[in-house]
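Take a look at the structure set out below.
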Amino acid sequence: MGEWKKTQCNMCVLSCGLEMEVEDNKILRVRPDPSSPRSHGYCCRKGRTAKYYQEDPNRLDYPLKKVGDHFERVTWEQALQEIGQRARRIVDIHGPRSVGLIGGTLSAGQSDLVFGRGLMSLMGSQYYFNPIGIEFMGSWWSHGKIFGDQMHFLEPDDDNCEMLIFWGSNSYVSGQILNAREKIRETSRGTERMVVSVDPRLSETARMADLHIMPRMGADSLMLRGMIALILQKGWEDRAYIAKYVKDLDAVRPWFEGVDIGECFRVSGVRYETMERFCRLLTTKKWGVHMDLGLFMGRHNTLNCYLLLILAVLCGVALMPGGCIVPECTILRGYTTDENDPKVWRTVKTDRFPVLGTYPESVVPDEILNDDPRRIRMMFVDASNPARSYPDTKAMVKALSSLELLVCIDTCMTETARLADYVLPAKNGYEAYELNAFQYNFPEIVGHMRHPVIEWQIGERKEGGQIWIELAKATGFLPKLPDFLYKAGEKAARTGDRIPYFMKLLAYAGTHMKYFDALPMIVGETLGQYMGSAVRAVVWAAYMTSPIANKGMLGKAGVPPLGKHPALEKLPGFAEFCRLDAAFQLVDDTP
Ligand SMILES: Nc1nc2c(c(=O)[nH]1)N[C@H]1C(S)=C(S)[C@@H](COP(=O)(O)OP(=O)(O)OC[C@H]3O[C@@H](n4cnc5c(=O)[nH]c(N)nc54)[C@H](O)[C@@H]3O)O[C@H]1N2
Ligand SMILES: Nc1nc2c(c(=O)[nH]1)N[C@H]1C(S)=C(S)[C@@H](COP(=O)(O)OP(=O)(O)OC[C@H]3O[C@@H](n4cnc5c(=O)[nH]c(N)nc54)[C@H](O)[C@@H]3O)O[C@H]1N2
Ligand code: SF4
Ligand SMILES: [Mo]
């Protein structure tokens with residue numbers, strides 16, 4: 001009999017609560033955690049098979065170096081020193097555009113990227129490529145344009161909407177909304193509520209749906225244009241909502257005038273009568289939509305999202321309870337990027353800009369395989385397997401193979417790792433602290449940090465955040481940090497009172513603005529080592545800068561400030577910091 005420990009599933013963004021029975025460093029059994037405020041006892045097959053993720057025969061235990069056509073085990077010291085020297089040389093000679101980072105989409109390895117981006121910023125590089133970039137770029141960009149914020153995007157208020165729509169999504173199989181199977185089954189079973197699937201294919205979700213709209217593949221934007229034109233022509237739009245919340249509709253209206261609606265539907269492969277009925281439902285019922293790969297990865301992916309958001313606005317369901325809501329997060333996932341800001345880099349060959357700080361990785365091969373002196377010559381890959389998962393994998397393999405330096409941080413020997421010059425073994429989220437930046441609960445906000453459930457050291461695996469700090473030191477890009485920060489960090493960890501450290505950190509940050517993006521790394525170094533984990537310290541920092549700050553939520557949730565800071569608690573902004581600190585403590589205390 002082992003000990004049952006609580007954690008979360010690492011396998012998709014929903015991060016369902018799990019309980020693991022662990023004995024002698026091994027996961028014996030896994031079951032869903034009924035006490036999880038996120039998933040309430042739900043989990044899918046992937047969660048239950050976490051044992052095989054933990055014990056995969058391809059797991060990495062030691063740093064490896066490519067020598068000729070094979071790998072040799074090397075010490076951490078050697079790997080770091082050699083990577084550090086080579087990376088430094090490349091940046092010194094060719095400048096910051098010569099280096100990029102690829103990584104991180106799923107809930108595994110999330111925290112690594114916070115540190116990885118820290119090193120990129122210390123090197124002066126803006127190149128952060130991410131598979132999520134491909135899926136979400138069009139959506140994030142559209143949300144930025146229409147609602148003013150790229151980070152917060154619409155999701156269905158799935159418990160309360162009358163019509164739950166899956167557009168280009170096979171959620172019954174892929175998850176992507178909490179407790180997907182239960183929710184889809186329950187919603188389609190009742191007579192009050194309905195499930196709609198918009199999918200060219202009779203997917204598992206479409207089979208469960210009350211209404212299945214089957215456009216021709218890639219025709220969504222044309223179909224949406226016809227739908228919006230039809231709604232405006234009939235005058236079915238929600239005028240009260242529009243009068244109250246919407247501006248500049250007149251700038252948009254002409255796009256939908258003089259549209260041959262019948263032709264839009266005919267080319268899209270859908271029947272006029274069906275679409276008329278669908279549009280009537282959309283304008284008389286409260287609906288929420290979950291969009292996914294069918295729109296995001298499809299043809300006209302940005303236009304798809306843009307038009308669907310306009311539809312949600314015209315129907316009066318955008319940002320409305322019972323319609324499409326924006327789940328709040330305790331952790332900031334990024335900042336809106338203004339692509340017109342001249343300080344924001346465009347890629348050299350493909351002239352692409354980032355959205356939410358993320359460049360589309362589909363351009364990576366073009367940015368490596370060229371003769372321009374500003375081309376990318378060195379890549380760090382962490383928690384991602386681009387040689388397999390990116391578009392045009394042949395071009396990606398060719399590009400990664402031709403780099404001057406490729407460093408791969410992973411838990412496993414992947415297709416990408418096999419191409420690398422150095423492979424560094426990471427602990428996963430069951431062996432180390434791990435943050436979860438994806439949070440889809442509504443209206444509750446559930447923050448979570450995974451605690452290691454396997455506490456023994458296996459091989460020479462290291463926490464991802466720690467690897468990045470050591471890389472930053474080895475390259476010489478981590479600035480010398482003042483003693484007072486280390487001292488304050490040590491004291492904070494020892495006494496549990498982190499506010500004095502926070503004040504010192506603010507003072508340091510205020511005079512070192514150029515290190516702003518590297519602050520997580522600085523916290524990992526000066527506080528993390530005393531808290532036993534760089535990631536744990538960064539989760540604390542993430543709470544201190546949480547987007548829920550100053551919205552009154554912590555007060556409503558009854559989170560009292562931690563410790564005694566009478567002077568601070570009188571200052572409105574600082575009282576909130578004390579509550580945020582307390583919220584972190586709650587998360588830290590309750591795995
Ligand atoms: N088991 C498992 N689960 C996963 C993952 C995994 O790897 N394995 N990955 C996770 C991740 S990262 C993601 S992003 C999600 C993806 O989750 P989903 O987006 O639900 O994944 P897909 O199965 O690709 O479903 C896309 C649907 O879009 C439809 N489609 C294709 N073309 C079009 C089109 O032109 N228009 C419309 N309207 N629909 C179209 C397809 O028929 C398909 O049913 O899954 C997550 N869950
Ligand atoms: N043909 C095709 N291509 C696709 C898609 C598709 O539907 N079809 N879907 C696309 C989508 S939606 C996505 S999201 C991407 C996903 O593409 P990627 O982001 O490349 O995701 P994975 O292939 O799952 O790679 C995740 C890597 O993280 C490693 N890993 C796991 N746990 C940890 C950890 O704790 N720490 C570290 N450092 N590493 C860890 C795994 O070993 C694995 O190598 O693929 C995209 N590519
Ligand atoms: S739905 Fe996602 S988080 Fe939940 S158990 Fe399945 S894979 Fe894990
Ligand atoms: Mo994805």
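Both ligands and their constituent atoms are indexed starting at 1 by order of listing.
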N170-E204 side chain donor-acceptor pair, cut-off 3.5 Å: yes
Counting only heavy atoms not in R201 (residues, nucleotides, ligands), do more than 12 fall under 6.0 Å from its CZ? yes
Numbering the atoms of ligand 1 from 1, which are under 4.0 Å from a heavy atom of G218? 34 (C), 35 (O)
Heavy atom of P200, distance to ligand 1 below 4.0 Å: yes
Would you tabulate the polar-atom pairs, meaning N/O of ligand 2 against N/O of the protein, with distances under 3.5 Å, reported to 0.1 Å?
unit_1   : atom_1 : unit_2 : atom_2 : d
ligand 2 : 17 (O) : S389   : OG     : 3.1
ligand 2 : 19 (O) : T105   : OG1    : 2.7
ligand 2 : 19 (O) : S384   : OG     : 3.4
ligand 2 : 20 (O) : S384   : OG     : 2.9
ligand 2 : 20 (O) : N385   : N      : 2.8
ligand 2 : 20 (O) : S389   : OG     : 2.6
ligand 2 : 32 (N) : Y53    : OH     : 2.7
ligand 2 : 38 (N) : D112   : OD2    : 3.4
ligand 2 : 38 (N) : D382   : OD1    : 2.8
ligand 2 : 42 (O) : D410   : OD1    : 2.7
ligand 2 : 44 (O) : D410   : OD2    : 2.7
ligand 2 : 47 (N) : S389   : O      : 2.4

Is K6 paired with D33 through a side-chain N to carboxylate O contact shorter than 4.0 Å? yes
Under 4.0 Å, heavy-atom basis, I'd like to know which part of S15 is in contact with ligand 3: side chain, backbone, both or neither. backbone
What protein N/O/S atoms lie closer than 2.8 Å to atom 6 (Fe) of ligand 3? C44 SG
Does any N or O atom in V198 lie less than 3.5 angstrom from one in ligand 1, N or O only? yes
What I want to know is whether N170 and ligand 1 share at least one N or O pair that is separated by under 3.5 angstrom. yes
Using only heavy-atom distances, determine whether the side chains of H451 and E434 contain a donor-acceptor pair under 3.5 Å. no
Would you please test Q54 and E431 for side-chain hydrogen bond (donor to acceptor under 3.5 Å, both in side chains) and show each step? CA-CA 9 Å; Q54 171 62 25; E431 299 161 334; 2.8 Å; yes
Do any heavy atoms of G298 fall under 4.0 Å from ligand 1? no
Do ligand 1 and R216 have nitrogen or oxygen atoms that lie under 3.5 Å from each other? no
Side chain, backbone, both or neither: R299 near ligand 1, heavy atoms under 4.0 Å: neither
I'd like to know if the side chain of D210 pairs up with that of S188 as donor and acceptor (distance under 3.5 Å, no hydrogens or angles considered). no
Is the positively charged end of R117 above the ring of W468, judged by distance under 6.0 angstrom from the centroid and angle within 45° of the axis? no
Side-chain donor-acceptor contact under 3.5 Å, N441 with R38: yes
Between E155 and H290: side-chain donor-acceptor atoms closer than 3.5 Å: yes
Any side-chain donor paired with an acceptor under 3.5 Å for E367 and T350? yes
Separation between CD1 (I454) and CG (N428), nearest 0.5 Å, reads 7.0 Å
Look only at interatomic distance and state if A219 has a nitrogen or oxygen under 3.5 Å from any nitrogen or oxygen of ligand 1. no
With no hydrogens and no angle check, just 3.5 Å: does a side-chain donor-acceptor pair link R461 and Y62? no
One thing to verify: whether E186 and K183 come together as a salt bridge, which I'm taking to mean a side-chain N less than 4.0 angstrom from a carboxylate O. no
Go through the steps for R450 and N10 under the test side-chain hydrogen bond (donor to acceptor under 3.5 Å, both in side chains), then give the verdict. CA-CA 9 Å; R450 274 169 230 144; N10 241 347; 2.4 Å; yes
